[in-house]
Amino acid sequence: YQNDKLGNKAEAAPRYLTFGTDPACAKEDPNTTAMALYRAGTLFQGAKQKARALEAFTAASKVQGVTDDVARSQVEDAKKRVR
């Protein structure tokens, strides 16, 4: 998160992806997991890394137990981007 806020998006994206694909994180807080994966996808997409963006969006679209409205909308958008 700090890398992202400081403008170091190239370092932030893989960290978001690593966090979001950790099963323990997903189980503990699915809302944050979904948002982290979605952010990773948008950062990878902005960096023209299509395969990594697809990986992140696919993972975001599969997060279970999302209850936050923002996170839900991001999961739905990730599902559309994967199609």
Short side-chain to backbone donor-acceptor contact, Thr33 and Cys25, under 3.5 Å = yes

request  = Only counting residues at least two apart or in another chain, list the ones meeting side-chain hydrogen bond (donor to acceptor under 3.5 Å, both in side chains) with Thr32.
outcome  = Asp29

ask   = Counting only N and O atoms by type, is there a donor-acceptor contact under 3.5 Å from the side chain of Arg39 to the main-chain atoms of Ala13?
value = no

task = To the nearest 0.5 angstrom, please state how far the CG atom of Asn31 sits from the OG1 atom of Thr67.
result = 4.0 Å

Rounded distance (nearest 0.5 Å) linking atom CD of Gln64 with atom NZ of Lys62 = 10.5 Å

message = Please tell me whether Tyr16 and Val66 are part of a single hydrophobic cluster in this structure, the criterion being side-chain heavy atoms less than 4.5 Å apart.
response = no

Smallest separation among heavy atoms of Ala60 and Ala78, with atom names = CB-CB, 3.9 Å

ask   = How many angstroms lie between CG in Leu37 and CD in Glu55, if you round to the nearest 0.5 Å?
value = 9.5 Å

Cluster link Tyr38 to Val82, ILVMFWY, side chain under 4.5 Å = yes

key: Chi angles and distances behind the side-chain contact (heavy atoms from CB on, under 4.5 Å) call for Lys9, Asp4   = CA-CA 5 Å; Lys9 296 175 185 341; Asp4 192 3; 3.4 Å; yes

query = Is the closest side-chain heavy-atom distance between Met35 and Asp68 below 4.5 Å?
reply = yes

request  = Over all heavy atoms of both residues, which pair between Gly41 and Ala56 is shortest? Give the atoms and the distance, please.
outcome  = N-CB, 3.5 Å

query = Considering all heavy atoms of both residues, which atom of Thr58 and which atom of Ser61 are nearest to each other, and what is their separation?
reply = O-OG, 2.7 Å

Over all atoms of both residues, closest heavy-atom pair of Thr21 and Leu17 = OG1-O, 2.8 Å

Can you give each donor-acceptor pair under 3.5 Å made by side-chain atoms of residues 43-53, sequence neighbours left out, with the distance rounded to 0.1 Å?
from	atom 1	to	atom 2	distance (Å)
Gln45	OE1	Arg81	NH1	2.4

